[in-house]
Every structure is written in structure tokens, then in C-alpha cells.
Amino acid sequence: MKKFLDGLKSDIKFKGAGPGHKLSEDTRENVAKVTKEQVKPRKPPTGEAQIAAASAAMARMESLQGRTKVQSKDTTTGRKEMIEQKEESNVGPKDIGTTRKKSSSVCTVLFRCPLTDELLRKEEREGHIRNVLQRLSTTDPTSAAILKIHTYNKDREKVKLGTETIAKYMNNIISHPEEEKYCRIKLSNKVFQEKISCLEGSHEFFEAVGFEKKTMPGQDLQEEFFVLGGDALKNLDALHGHCDALLSAEPLRLSLERQLRIFMPSIEAAHFDLPDDFFNLTAEEIKREQRERTEMVERNAVLRTKAMREREEQREMKKYNYTVLRIKLPDGYILQGIFFARERVSALFDFLREQLQNDWLPFELLAPGGHKVENEQATLIECGLVPSALLTFRWDEAVMADVEAGGGQSSVSVIKPELLSKVEQLT
């Protein structure tokens with residue numbers, strides 16, 4: 001990760017054996033011996049990367065204002081309560097009696113803020129980010145301004161061009177601190193207007209690193225300039241650091257909450273209740289297109305080739321933003337998680353591996369059609385796992401044959417024992 005994010009994040013990621021990964025001959029010869037003993041599962045990863053410095057600044061600010069920061073519990077129970085509270089807050093009097101009954105099957109899309117650890121609905125994200133960065137401005141104005149530039153401005157090419165132009169101004173000062181012409185920037189300058197002023201947060205960055213707005217004589221009239229203050233000019237190392245941070249920063253992104261759920265064996269496992277925010281279209285538009293598509297398929301069924309049908313299916317899947325996936329385990333339990341429709345299959349394998357007792361053993365996933373899901377670089381859309389799918393988990397057959405041949409037995413439970421205390425009834 002680049003320097004700016006290195007200063008704000010700590011990312012500890014664990015990767016174990018995955019599907020398609022074969023153990024070496026020596027390892028396979030010792031599998032039976034290992035399985036006769038109690039295998040101690042590795043500790044799961046510590047979680048998603050956190051923007052540590054910004055989070056600390058937020059905590060200091062809240063402490064100074066006399067507020068207590070309440071951390072959201074990163075557990076399945078905490079997430080479930082969050083979902084139920086959000087659902088119950090939006091139901092009318094007629095719906096109160098049925099809300100809890102549906103709580104186990106309705107999939108609600110939530111996002112987690114890396115700065116505050118709060119869970120948010122899709123429509124709450126933008127307002128929350130602006131509020132958080134505005135509060136961060138009071139304690140760490142430079143970091144806040146950098147994040148604003150990279151987060152608020154969606155055109156990445158403009159951001160790249162603008163930040164590189166700002167860096168040129170900074171580098172001129174660092175290389176020639178004694179020359180006054182480099183220490184002041186005319187705001188009406190064409191380059192400044194076209195490449196920098198158009199970026200939201202850019203003026204805040206200049207002010208945060210030590211520039212002051214001043215009205216000074218120009219060629220004809222009084223004009224506004226950004227002038228670097230004397231204190232900032234004395235600390236060129238800090239100015240260089242701010243410049244590097246600006247160039248290496250990334251947008252502040254809220255992560256999609258997986259919302260791990262564990263269900264009892266159920267014949268309803270293949271039934272999914274999806275909310276409207278799973279789709280790019282409204283529910284009415286989807287129904288209308290479904291009717292039109294059905295009529296067209298009936299008319300052209302004889303003429304359409306397999307390739308044509310596959311292309312049409314891919315186009316249809318692009319209408320979905322998210323997918324909810326369930327994995328049926330050998331003991332009947334069902335794991336559930338929510339993913340972006342365009343995430344890679346590797347994200348699904350990582351999610352599943354983190355829940356396993358023996359995360360080092362190779363395993364396979366079978367799609368609803370019975371074929372193996374093997375290409376970890378493919379997207380969930382490309383694998384037809386959108387907007388929902390029920391997959392089947394099984395251990396690698398060759399490895400399990402070695403285990404059984406050596407007199408070993410697979411664990412009674414595939415997933416970690418502590419997860420079994422969170423099992424729900426799928427309704």
C-alpha cells in the first residue's frame with residue numbers, strides 16, 4: 001500500500017489453502033497422522049484494514065467534546081440486532097407483528113465505515129462520509145482535506161491530474177525555498193483554475209499545509225493569492241510529507257458488511273428474499289422487463305443459439321449490484337454472506353475459509369448446477385452466482401481419501417465451534 005495509506009491503515013491478511021490447491025506428497029502422507037490428533041485451527045484474520053490515524057483523531061476529538069465513542073460489536077449477534085433495528089424503524093403499525101418473523105430471511109445491505117466502525121444503509125453512506133470528514137477537519141485538517149479530494153471527486157483522471165499539479169507547486173517550493181515567486185500561487189491562474197480549483201477540497205488542502213489567502217497587487221488589479229506562511233516554509237520536510245500523502249491517497253470507501261449468518265438445515269435454503277437495493281432498476285421496471293423478455297423468448301426460442309442465450313443472461317445479471325450466497329455444509333448447516341455482484345470468486349473462498357475449523361484443508365464448492373466453482377479470478381456474475389445462489393461445500397476428495405485410509409476422521413462440525421452458538425432458524 002502506498003505511503004499515505006500506510007500511515008492510516010494496518011492490513012493483516014491471512015491466506016490459507018483454497019480450492020484447487022493440492023497438498024504436496026509429503027504432506028499427504030502425513031495427513032492421516034495429523035488427523036488422529038486434535039488439530040488446532042489457526043486464528044482467523046484480524047479483520048478489514050482500519051484507517052488507524054484518522055480513527056485516532058476522531059476519538060481524540062470526541063474525547064475533547066466529552067462524548068464517549070461506542071464501538072459497534074463486530075459479531076454476528078451485533079450485526080443481526082443492527083439489521084433488525086433498521087428494519088423495525090421503517091415498518092408501519094400493520095407490519096409490526098410480522099417483522100421479527102421475516103428477520104431471518106430478509107437480506108439487508110449494510111456498509112461499515114472504517115473510521116467510525118458504524119453500520120450504514122446504502123442511502124446513508126454519502127451523508128455519513130461528509131459528516132465524518134468534516135469532523136475530522138477539526139483535529140487533522142490535512143488528512144481530512146486529502147481524503148475529501150480523493151473521495152468527493154469521482155473523476156479519477158481529474159483527481160490524478162489535479163494532485164500531480166499540486167505536487168509540482170509543492171516541489172518547486174521545496175527545491176527553491178528562497179525564491180518568493182514559488183511561494184505564492186495566483187488563484188486566477190488558468191492552470192490553477194482548470195486543474196486544481198475544480199477539485200472539491202483542494203483549497204482546504206492548501207490552507208491545511210500552511211498557505212494563506214491574501215489579496216495582493218497583480219499585473220493590473222488586486223488579485224487573490226495563496227501565500228505559504230513562514231512557519232510552513234521553515235519545515236520543508238513536513239511539506240514534502242504532505243505532498244507524498246496527497247499523491248498516494250485513495251478514496252475513503254465503506255466496506256460491504258458480509259453479515260455472516262449460520263442457519264439450521266432447512267428445505268427453504270434455496271429461497272431468498274431480496275430487497276429493492278439489490279437491483280439497479282426499480283422493482284416495477286424489473287417486472288415489466290421480465291414480462292417483455294418472457295414474450296420475446298417464447299417468440300424466438302427456436303431461432304436463438306446457446307451463445308445468444310448466454311450473452312443475454314450475462315446482460316441480465318449486470319442489473320444486479322449485490323448477491324447473497326449460501327453454502328450448504330456436509331453436516332447440513334448453512335452459511336450465508338452478502339457480496340458485490342462484481343467481486344471475484346476469491347472473496348467467497350476467503351469468506352468461507354475464515355469460518356472453517358481446518359482452514360488448511362483443500363475444499364471445493366459446487367454451483368447450483370452441480371459443476372465446480374474453480375476460477376478464483378472470475379467474478380460472481382461470470383459464474384452465474386447473482387443475485388443469489390445456494391452452493392454446496394465438500395472437502396477435496398483425494399485428501400479425504402488419504403485421511404480415511406490413515407484411520408482418521410473428519411471433524412463432526414466443519415465450522416468453528418463458537419459459530420454454532422449463533423445458529424438461527426431459517427424462516
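Just so it is clear, the model here is predicted, and its values are computed rather than measured.
- Under the 3.5 Å distance criterion, the side-chain polar atoms of Gln259 are matched with a main-chain donor or acceptor of Thr108.
- Residue-environment remark: NE2 (His176) exceeds the threshold of 12 foreign heavy atoms within 6.0 Å.
- Looking at every heavy atom in both residues, Ser137 comes nearest to Ala144 through OG-CB, 3.4 Å.
- Using a 4.5 Å heavy-atom threshold, the side chains of Pro141 and Glu207 count as separate.
- Smallest separation of non-hydrogen atoms from Ile196 and Gly162: CG1-O, 4.1 Å.
- The structure places CD of Glu424 at 11.5 Å from CD1 of Ile334, a figure rounded to the nearest 0.5 Å.
- The structure places CZ of Arg344 at 10.5 Å from CG of Leu380, a figure rounded to the nearest 0.5 Å.
- Closest approach of Asn153 to Cys198, counting heavy atoms only: OD1-O, 4.1 Å.
- Scanning both residues, Gln336 and Phe351, for their nearest heavy atoms gives O-CZ, 3.6 Å.
- When side chains are defined from C-beta on, Leu335 does not count as touching Arg261, because their heavy atoms never get closer than 4.5 Å.
- Summarising the geometry, atom CG belonging to Asp237 is positioned 8.5 Å from atom CD1 belonging to Ile174; distances are rounded to the nearest 0.5 Å.
- Counting heavy atoms of neighbouring residues, nucleotides and ligands inside a 6.0 Å radius, atom CD of Glu179 exceeds 12 of them.
- Between the side chain of Lys195 and the backbone N or O of Ile166, no donor-acceptor pair lies under 3.5 Å.
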- Item | Stepwise side-chain contact (heavy atoms from CB on, under 4.5 Å) test for Tyr333 and Leu419 | CA-CA 11 Å; Tyr333 286 110; Leu419 295 178; over 6 Å; no
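- Distance check, rounded to the nearest 0.5 Å: CG of Leu228 to CD1 of Ile173 gives 5.0 Å.
- Under the side-chain hydrogen bond (donor to acceptor under 3.5 Å, both in side chains) criterion, the residue pairs touching residues 161-174 are Lys160-Glu164, with sequence neighbours excluded.
- The distance from atom CG of Leu254 to atom CZ of Arg112, rounded to the nearest 0.5 Å, is 10.0 Å.
- Residue Arg342 holds its CZ atom at 8.0 Å from OG1 of Thr379, rounded to the nearest 0.5 Å.
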- Task: In sequence, state the C-alpha distance, the side-chain angles, and the governing distance for Leu256 and Val109, and then conclude on side-chain contact (heavy atoms from CB on, under 4.5 Å).
- Result: CA-CA 8 Å; Leu256 178 66; Val109 179; 3.8 Å; yes
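- Taking His203 as the reference, Leu187, Phe192, Ser197, Lys213, Phe226 meet the side-chain contact (heavy atoms from CB on, under 4.5 Å) condition, with sequence neighbours excluded.
- Considering only heavy atoms from C-beta on, Leu391 stays 4.5 Å or farther from Phe393 through its side chain.
- Closest approach of Ala389 to Leu385, counting heavy atoms only: CB-CD2, 3.9 Å.
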- Task: Dump the intermediate steps for side-chain contact (heavy atoms from CB on, under 4.5 Å) on Leu115 and Leu133, then the final yes or no.
- Result: CA-CA 9 Å; Leu115 288 179; Leu133 293 185; 4.3 Å; yes
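- Checked by atom type and distance alone, the side chain of Arg125 pairs as donor or acceptor with a backbone atom of Lys122 at under 3.5 Å.
- Taking 4.5 Å as the limit, some side-chain heavy atom of Pro417 sits within range of a side-chain heavy atom of Gln357.
- The side-chain heavy atoms of Val209 and Leu239, taken from C-beta on, include a pair separated by under 4.5 Å.
- With hydrogens and angles disregarded, a donor-acceptor distance shorter than 3.5 Å links the side chain of His150 to the backbone of Leu246.
- At least one side-chain heavy atom of Leu348 sits less than 4.5 Å from a side-chain heavy atom of Ile327.
- Put simply, the side chain of Asp155 gets close to the backbone of Glu157: a donor and an acceptor are under 3.5 Å apart.
- Using a 4.5 Å cut-off on side-chain heavy atoms (C-beta onward), Glu364 and Asp396 make contact.
- Residue Glu200 forms a salt bridge (charged side-chain N to carboxylate O under 4.0 Å, His left out) with just one option from Lys158, Arg130, Lys148, and that option is Arg130.
- Annotation: side chain of Tyr320 is not in contact with side chain of Ile381 (no heavy-atom distance under 4.5 Å).
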- Tyr322/Phe340 under ring-ring contact (aromatic ring centres under 6.0 Å, His included): CA gap, chis, key distance, verdict: CA-CA 4 Å; Tyr322 313 98; Phe340 285 112; 5.6 Å; yes
- Task: I would like to know whether Phe363 and Arg353 meet side-chain contact (heavy atoms from CB on, under 4.5 Å); could you show each step before the answer?
- Result: CA-CA 9 Å; Phe363 60 85; Arg353 188 179 296 114; 4.3 Å; yes
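- Across all their heavy atoms, Phe349 and Leu365 have their closest contact at CE2-CD1, 3.3 Å.
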